[in-house]
Amino acid sequence: MENTLSKTALYDWHIAANARMAEFAGYAMPIQYGSIVAEHEATRQRVAMFDISHMGRFRFDGPQADRLLDHLLTRRIDDMQIGEIRYALMCNEDGGILDDVLVYCLEATDGNTYFLLVVNASNREKIKSWIKPHLADFADVQFRDVSEQTAMIAVQGPAAMETISKLFKSNVSSLRYYHGKVADQFGKPTIVSRTGYTGEDGVEIIVRVEDASRIWENLMLAGRDNGIMAAGLGARDTLRLEAAMPLYGHELSESIDPLTAGLKWAVNLSDRQFIGSESLATVAKNRPLQKRVGFRLDGRRAAREGAAVVDFDNRVIGIITSGSFSPTLGVPIAMGYVAANVATKDSAVEIDIRGSRVASVIVELPFYRRKQK
């Protein structure tokens with residue numbers, strides 16, 4: 001099976017490190033190298049590195065690239081400045097979420113501005129197909145899928161910026177959150193962005209595929225004194241859950257709109273139109289019927305996707321979309337959707353876990369918030 005899957009530029013390193021590999025979005029990806037909990041705790045307490053090269057990366061060049069993206073995305077794009085990065089969503093006409101993305105506004109070596117769109121691995125082909133018909137209305141925009149020509153590495157944790165600063169001549173540690181720049185790593189062009197999917201400080205790095213192994217090794221050496229550890233997708237999932245970051249295919253889908261998902265801040269409806277904006281304006285006017293909430297469960301059993309949320313009158317009021325035991329909090333946690341009229345903090349509910357009812361309480365999101373320095 002693994003021989004039929006796509007491999008990232010760091011695949012051989014993962015195999016040499018005895019990673020447990022599994023299929024994810026068509027790629028052979030490391031789930032864990034040792035203990036998921038140890039990799040999780042390394043990220044929370046020190047610094048960890050993740051191969052996230054399976055994510056899709058699309059480049060847009062041309063004078064109207066900002067207008068094209070402004071038409072496709074829920075966030076305003078046509079006012080972005082060089083170095084800015086914005087989280088946004090791409091919706092269909094009904095307001096359903098096609099994907100959640102990061103948009104980078106960067107300066108090319110020739111001085112021209114270009115945009116980079118990072119999309120979820122599982123949605124890469126879908127989003128590419130969605131974008132292509134719209135290019136006809138923006139004839140001067142050059143669109144390229146650069147996913148196979150690049151690799152992507154996340155460096156996350158309290159010591160991430162200290163680790164990164166050892167490798168770059170330019171002062172990348174001064175980057176503000178959701179900002180990025182094209183830097184130089186020992187002669188290798190590198191996009192560094194102060195972003196992440198763990199709830200910790202850190203960066204995500206995009207490099208040429210031929211430079212990926214060398215830069216990965218350089219990062220491991222730079223973080224050695226801080227106890228750096230390679231981490232897999234298992235820890236990435238428990239980290240993002242604690243930080244209440246939604247995952248496409250779980251909290252986000254084409255049947256869920258951004259407002260219901262609690263992402264109103266990532267939707268700019270005022271004075272602009274984009275695909276899905278009329279439908280979202282209607283949802284905003286009438287208010288969502290459901291709400292994404294957190295659950296803290298009694299005992300040690302974790303609720304999984306699809307588990308029913310039940311009130312004490314035995315009515316199903318919601319569904320779990322993600323759940324796990326929280327290494328940081330030491331209790332089972334979950335995210336899901338419940339009817340908006342019962343989405344009240346501290347409300348007691350039960351969750352059906354394989355036919356057994358487990359007591360739970362609705363809590364505010366996120367479950368974990370890192371301490372600001």
Side-chain angles (χ1 to χ4, degrees), residues 2-19 21 23-30 33 47-61 85 102 104-112 114-121 124-125 127-128 142-156 160 163-170 172 175 180-197 202-224 228-233 236:
E2 199 165 292
N3 291 331
T4 66
L5 299 175
S6 297
K7 298 177 175 64
T8 75
L10 297 166
Y11 174 84
D12 290 343
W13 193 96
H14 304 319
I15 296 301
N18 295 316
M21 307 294 287
E23 186 276 336
F24 187 84
Y27 281 82
M29 294 298 295
Y33 300 87
V47 57
M49 288 201 325
F50 303 78
D51 179 8
I52 54 172
S53 303
H54 61 308
M55 302 289 284
R57 291 168 292 280
F58 301 151
R59 177 166 169 162
F60 301 81
D61 290 89
I85 299 170
L102 285 182
Y104 296 56
C105 180
L106 299 167
E107 185 176 33
T109 53
D110 61 6
N112 289 321
Y114 71 96
F115 292 84
L116 196 69
L117 195 70
V118 176
V119 306
N120 281 292
R124 176 181 158 197
E125 294 303 322
I127 296 303
K128 190 192 305 188
Q142 296 175 330
F143 167 66
R144 287 185 289 157
D145 181 352
V146 297
S147 307
E148 301 298 331
Q149 291 76 49
T150 56
M152 196 167 181
I153 299 166
V155 185
Q156 303 281 293
T163 299
I164 284 293
S165 64
K166 297 176 182 179
L167 295 182
F168 291 90
K169 294 178 181 178
S170 57
V172 297
L175 280 173
K181 65 187 298 184
V182 180
D184 184 280
Q185 208 283 298
F186 296 143
K188 308 299 183 184
T190 307
I191 298 171
V192 183
S193 64
R194 200 157 185 180
T195 53
Y197 193 55
V203 297
E204 293 172 316
I205 301 170
I206 299 173
V207 301
R208 295 182 305 196
V209 71
E210 60 267 28
D211 300 331
S213 294
R214 177 182 172 183
I215 290 176
W216 178 274
E217 293 284 4
N218 288 344
L219 288 164
M220 291 295 288
L221 288 171
R224 184 169 53 188
I228 196 168
M229 182 179 287
L233 296 185
R236 193 166 185 252

Side chains of [X] and [Y]: does their closest heavy-atom pair fall under 4.5 Å?
X      : Y      : answer
Leu116 : Leu102 : no
Tyr114 : Gln142 : no
Ile205 : Val155 : yes
Asp61  : Asn112 : no
Val119 : Met55  : no
His54  : Leu233 : yes
Ile215 : Thr190 : yes

Legend entry - Worked verdict on Phe115 versus Arg59 for side-chain contact (heavy atoms from CB on, under 4.5 Å): CA-CA 6 Å; Phe115 292 84; Arg59 177 166 169 162; over 6 Å; no
Roughly how far apart are [X] [atom1] and [Y] [atom2], rounded to 0.5 Å?
X      : Y      : atom1 : atom2 : value
Ile206 : Ser53  : CD1   : OG    : 9.5 Å
Lys7   : His14  : NZ    : NE2   : 12.0 Å
Leu221 : Thr163 : CG    : OG1   : 11.5 Å
Cys105 : Ile85  : SG    : CD1   : 10.0 Å
Met229 : Met220 : CE    : CE    : 9.0 Å
Thr195 : Glu204 : OG1   : CD    : 3.5 Å

Determine the minimum heavy-atom distance between [X] and [Y], stating which atoms define it.
X      : Y      : answer
Ala9   : Val209 : CB-CG2, 3.4 Å
Trp216 : Phe50  : CZ3-C, 3.8 Å
Gly202 : Ala160 : CA-CB, 3.7 Å
Leu167 : Leu219 : CD1-CD2, 3.3 Å
Asp145 : Lys128 : OD2-NZ, 2.8 Å
Asp211 : Pro189 : OD2-CD, 4.5 Å

Inset, instruction - Using the side-chain contact (heavy atoms from CB on, under 4.5 Å) rule, take Gln156 and Val47 through it: C-alpha gap first, then chi angles, then the decisive distance, then the call. - result: CA-CA 6 Å; Gln156 303 281 293; Val47 57; over 6 Å; no
Inset, instruction - Determine whether the side chains of Thr150 and Arg57 contain a donor N or O and an acceptor N or O closer than 3.5 Å. - result: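 A donor-acceptor contact under 3.5 Å links the two side chains.
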Inset, instruction - Report yes or no: do Thr8 and Tyr27 form a side-chain donor-acceptor pair below 3.5 Å? - result: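 No.
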Inset, instruction - Would you confirm whether Glu107, through its side chain, and Thr109, through its main-chain N or O, come within 3.5 Å as a donor-acceptor pair? - result: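 Side chain of Glu107 to backbone of Thr109: no pair is present.
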Inset, instruction - For the pair Gln149 (side chain) and Arg208 (backbone), establish whether a donor and an acceptor sit closer than 3.5 Å, ignoring hydrogens and angles. - result: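 Not at all, since once roles are kept as given, no pair shorter than 3.5 Å links the two residues.
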Legend entry - Chi angles and distances behind the side-chain contact (heavy atoms from CB on, under 4.5 Å) call for Lys181, Leu106: CA-CA 7 Å; Lys181 65 187 298 184; Leu106 299 167; 5.8 Å; no
Legend entry - Worked check of side-chain contact (heavy atoms from CB on, under 4.5 Å) between Tyr104 and Ser193: CA-CA 9 Å; Tyr104 296 56; Ser193 64; 3.1 Å; yes
Inset, instruction - Describe, in one word, how the ring planes of Phe60 and Phe143 are oriented to each other, choosing from parallel (under 30°), tilted (30 to 60°) and perpendicular (over 60°). - result: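 Plane angle between 30° and 60°, so tilted.
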Inset, instruction - Would you kindly check if the NZ (Lys) or CZ (Arg) of Arg144 is within the cone defined by 45 degrees around the ring axis of Phe58 and under 6.0 Å from the six-membered ring centre? - result: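 Not flagged: Arg144 not positioned over aromatic ring of Phe58.
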